[in-house]
Structures are given as C-alpha cells and as structure tokens.
Undergrad: 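The structure is given below, and queries will be raised subsequently.
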Amino acid sequence: MEDTRSVKLLQDKLLEWYGRHRRQMPWRAEEGQSPDPYHAWLSEIMLQQTTVTAVKPYFEKFVKRWPNVRDLAQADQDDVMHMWAGLGYYARARNLHKCAKVVVNEYDGHFPDDHAKLLALPGVGPYTAAAISSIAFNQDYTAVDGNVERVVARFYAVKKPLSDVKKDIKEKAEHLGRGNPSPCDFTQAFMELGATICTPKSPKCVLCPWQTECEGRKKGIAESLPVKKAKSAKPKRDGQIYWVTNDKGQVLVRKRPAEGLLGGMIEFPSKGWDGRDQDIDHDDFQRIGLVKEKVRHVFTHFELSLEIVKYRFSGDLPDSAYQWYKLEKLEDLALPSVMKKVWKMAVS
DNA sequence: CACGCGTGGGC
DNA sequence: TGCCCAAGCGT
C-alpha cells in the first residue's frame with residue numbers, strides 16, 4: 001500500500017475537494033462553527049440505510065420539537081414513533097429514545113467523547129460511533145459506510161465480493177484516513193465523495209480528486225465495483241386487513257408488539273401476513289364489503305398484498321391493545337407507510 | 001454470522 | 001416495471 005507521504009497527499013486532495021464542494025446539510029456545522037453532538041448523533045441514526053433526501057424533513061421536525069437530548073429523553077415513546085413514522089426501520093426510533101435516556105441518566109445530558117462509550121449506546125454501532133467521534137469530537141476515526149466501501153473497493157480495484165472482504169475494506173479505509181489533519185471534515189468528505197462522485201452507477205471519475213491514483217479507474221473497471229452477490233428472490237405474502245368503523249365516525253386500530261416488524265407502531269387489525277397470531281374475533285362484526293384493489297407494499301424481505309375487508313361494529317373492544325380512533329385524527333397516530341396506504345385505499 | 005428490519009426515489 | 005438501492009444495527 002501507499003507510504004505515509006502518498007496517503008497524506010490523498011488526504012489533502014480529498015479535504016481540498018471537500019472544502020470546495022461540501023454540501024449544506026441541516027445537521028452539518030458551517031465552516032468554523034463547532035458541531036452539536038446531538039445533531040450529529042440524531043442525523044447519523046436517521047441516515048442509517050436512508051437517503052439524505054428522506055432524512056432532511058425528519059431531522060428538521062425532530063430538532064424543532066426536541067431541541068436537545070433532554071427534551072427527547074422526556075418525550076413520550078408514542079410521540080417519538082409518530083414523528084418517525086414513514087422513515088422506516090422503526091427499531092432505530094425505539095433505540096433513539098432509549099439512547100437519549102441513557103445519555104441524560106448516565107452522562108448528564110452530554111454525549112460522551114469516548115469512542116467505546118459511544119459504541120455501547122443503544123442503536124450506535126461501529127459506523128455511527130466512528131461518525132460521532134470524528135464529526136462531533138474531531139477524533140481520529142474513519143467512519144466506514146456503504147459509500148466509503150464503494151470508494152475503497154474501486155480505489156484498490158478489489159474484485160472479490162464485498163461481503164467476503166468487508167473487514168479488509170474497512171482496514172484499507174482506515175489506512176487512508178489515519179492521521180488526517182481534520183477528522184471531522186475527512187469522515188464527511190469520504191462519504192460525500194461516494195455519494196456525489198464515486199456513485200454506484202456512472203461515477204464521475206473526471207471530477208474525482210483521486211482520479212490519478214485510483215486503481216479501478218486505471219484498469220477501467222471502477223463502475224463494475226464493488227462486486228455484490230446475487231440476492232435471493234423476495235417471497236410474496238398475502239393477508240387480510242380490517243377497516244372497522246362504528247357509528248361515531250371512528251375506526252378500529254391497535255398497537256403492534258414492541259419488538260419486531262413495525263414494532264411499537266399502530267396498525268389496523270390484520271391477519272395472515274406477519275407470522276403473528278393476532279387475528280381479532282370478528283364474529284360480531286357486520287361485513288360491509290371488500291375493497292376491490294389490494295394494497296401492495298414491499299418490505300426489505302418480502303412483498304405484501306393486503307385485502308381490505310370493511311366491517312361495521314359498535315360493541316366492546318377485545319382488549320387494551322385496541323382502540324377506536326376518530327377518522328379525521330388518524331394523522332396523529334404512529335402509522336407506518338403501509339398502514340397509510342391502507343387508510344387511503346379504504347376511504348377512496 | 002446470517003438474517004430481520006422500511007421506505008421512496010432513480011433508472 | 002422491476003430492480004437497486006441509502007451515512008447499519010441488533011440478535
């Protein structure tokens with residue numbers, strides 16, 4: 001690999017490029033401003049497996065509603081889930097809230113500037129701990145995300161499947177970052193290079209600060225890297241979901257179990273699709289009809305088709321997980337996207 | 001360590 | 001249209 005001198009040259013080139021092309025982000029401190037660890041942490045959790053475009057409005061909403069980690073720690077779990085609704089991977093929201101409480105209770109409301117302590121926080125893994133350490137505290141850690149993996153695989157022309165060489169790629173990324181003069185900027189520059197120049201398709205190599213050193217480009221194989229293994233086909237699942245209304249303009253909803261798929265979120269009663277025995281006893285329901293069009297939704301590991309059955313019912317609720325909710329106030333609930341689709345389809 | 005875990009946008 | 005994905009983590 002490169003000697004120390006050439007690594008330093010690469011670092012300088014990347015930082016110089018970043019200085020000219022850095023994008024503005026709601027969570028990103030302006031040049032010369034000191035970063036807010038709360039903002040760094042919140043944005044990094046939201047950005048896990050999620051696009052910048054999707055995150056921006058959520059980040060704005062969260063910091064407006066909960067300006068600091070103490071405010072967030074004191075929030076109701078249901079409010080946090082409601083604000084997170086639509087962003088996906090809801091375990092992140094549950095861990096976010098849990099983490100805020102730990103920071104308040106264990107660290108007096110200040111994020112620790114210690115990498116190991118950060119790594120121990122709920123929802124904070126190797127990537128996020130390195131990101132916070134470098135971005136918020138300017139410590140010499142290199143955050144390795146999917147962008148960085150792609151850049152490194154191309155830079156060193158690594159042809160083995162990414163899943164087999166993740167560890168090696170990580171070490172190479174850290175080699176490129178180690179000792180750089182501005183860890184805060186370097187971590188973000190590395191990822192931003194992948195996000196805007198070294199893109200999965202049609203990389204803009206002519207604009208890249210590392211174009212003359214990149215082995216993938218020299219060999220003409222940059223765009224084909226990193227190599228990924230074929231994914232298995234997504235299974236399809238079918239289920240039924242019940243749109244149950246009463247004579248008060250209310251609709252029947254229930255909270256899902258705290259863990260697992262859509263954990264802690266609100267749904268309309270359903271059965272047959274999520275491996276849970278959660279069918280409601282609907283013998284007393286008066287069946288009104290069927291919605292012709294099925295609701296289709298793609299999850300990470302399966303495709304779902306839901307048939308909406310409409311019922312009328314005004315008796316007692318089976319248990320406390322269920323509740324009647326005013327139709328015009330449904331927006332106030334923590335409904336995941338798939339349930340918003342059901343809602344729209346049922347009333348259309 | 002392989003798998004479970006969401007969503008909306010781009011092509 | 002169907003596929004790929006996007007600043008990963010927990011178990």
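Values reported hereafter were calculated over all heavy atoms of this structure, with side chains retained and with hydrogens, waters and symmetry mates removed. The sequence lines fix the lettering, A, B, ..., with proteins before strands; numbering per chain opens at 1.
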Undergrad: Using a heavy-atom cut-off of under 4.0 Å over every strand shown, decide if A:Arg296 touches base, sugar-phosphate, or nothing.
TA: nothing
Undergrad: Under a plain distance cut-off of 3.5 Å, with no hydrogens placed, do A:Thr50 and A:Arg92 share a side-chain donor-acceptor pair?
TA: yes
Undergrad: Toward the 5' end of DNA chain C, which comes first, A:Leu119 or A:Glu192, by nearest nucleotide?
TA: A:Glu192
Undergrad: Quickly work out the A:Leu121 CG to C:dG10 C1' distance and round it to whole Å.
TA: 14 Å
Undergrad: Below 3.5 Å between N/O atoms, which protein atoms pair up with nucleotides 3-5 of chain C? Just atom names and distances, please.
TA:
residue : atom : partner  : partner atom : Å
C:dC5   : OP1  : A:Lys228 : NZ           : 3.2
C:dC5   : OP2  : A:Lys231 : NZ           : 3.1

Undergrad: Applying a 4.0 Å non-hydrogen cut-off, can you work out what A:Thr53 is touching in the nucleic acid: base, sugar-phosphate, or nothing?
TA: nothing
Undergrad: Is it true that A:Asp168 and A:Lys160 make a salt bridge, defined as a side-chain N closer than 4.0 Å to a carboxylate O?
TA: no
Undergrad: What about the rings of A:Phe299 and A:His297, do their centers lie closer together than 6.0 Å?
TA: yes
Undergrad: Over all strands shown, is A:Gly263 touching base, sugar-phosphate only, or nothing at heavy-atom distances under 4.0 angstrom?
TA: nothing
Undergrad: Classify A:Thr50 by what it touches in the nucleic acid, base, sugar-phosphate, or nothing, heavy-atom distance under 4.0 Å.
TA: base
Undergrad: Specify the residue among A:Trp27 and A:Gly123 whose closest nucleotide of DNA chain C lies further upstream toward the 5′ end.
TA: A:Trp27
Undergrad: Expressed in angstrom and rounded to an integer, what is the separation of A:Lys170 atom NZ from C:dG8 atom P?
TA: 13 Å
Undergrad: How close do A:Asp185 and A:Leu15 get, heavy atom to heavy atom, and via which atoms?
TA: CB-CD2, 3.6 Å
Undergrad: Please identify each residue that fulfils salt bridge (charged side-chain N to carboxylate O under 4.0 Å, His left out) with A:Glu331, with sequence neighbours left out.
TA: A:Lys340
Undergrad: Stem finding on DNA chain B, please: runs of three or more consecutive Watson-Crick or G-U wobble pairs, both distances under 3.5 Å, sorted by first number.
TA: B:2-5 with C:8-11, B:7-11 with C:2-6
Undergrad: So do A:Lys117 and A:Glu106 actually touch side chain to side chain, heavy atoms under 4.5 Å?
TA: no
Undergrad: A:Phe313 and A:Val244: which non-hydrogen atoms are nearest, and at how many Å?
TA: CB-CG1, 3.7 Å
Undergrad: Between A:Tyr127 and A:Gln48, do the side chains contain an N or O donor and an N or O acceptor separated by less than 3.5 Å?
TA: no
Undergrad: Heavy-atom count check: over 12 atoms from other residues, nucleotides or ligands less than 6.0 Å from A:Asp316 CG?
TA: no
Undergrad: Below 4.0 Å from chain A heavy atoms, what is the first contacting nucleotide of DNA chain B and what is the last?
TA: B:dG4 to B:dG8
Undergrad: When you compare B:dG6 with C:dT11, how far apart are their P atoms, in angstrom units rounded to a whole number?
TA: 14 Å
Undergrad: Are A:Phe190 and A:Phe186 near enough that their ring centres are under 6.0 Å apart?
TA: yes
Undergrad: Over all strands shown, is A:Val52 touching base, sugar-phosphate only, or nothing at heavy-atom distances under 4.0 angstrom?
TA: base
Undergrad: Without decimals, in angstroms, what is the distance between A:Trp84 CH2 and C:dC9 P?
TA: 12 Å
Undergrad: Quick test of your reading of the model: are A:Glu192 and A:Arg23 salt-bridged, counting only N-O distances below 4.0 Å?
TA: yes
Undergrad: Can A:Asp279 and A:Tyr242 be counted as having a side-chain donor-acceptor contact under 3.5 angstrom?
TA: yes
Undergrad: Heavy atoms only, 4.0 Å cut-off, all strands: where does A:Leu262 land among base, sugar-phosphate and nothing?
TA: sugar-phosphate
Undergrad: What about the rings of A:Phe268 and A:Trp243, do their centers lie closer together than 6.0 Å?
TA: yes
Undergrad: Does A:Gln49 make a side-chain N or O approach to OP1 or OP2 of C:dG8 shorter than 4.0 Å?
TA: yes
Undergrad: Near DNA chain B, counting only heavy atoms under 4.0 Å, which residues of residues 89-107 of chain A show up?
TA: A:Tyr89, A:Tyr90
Undergrad: Which residue pairs pass the side chain to side chain donor-acceptor pair (under 3.5 Å) test when at least one of the two sits in residues 226-240 of chain A, sequence neighbours left out?
TA: A:Asp164-A:Lys229, A:Lys236-A:Glu303, A:Gln240-A:Glu307
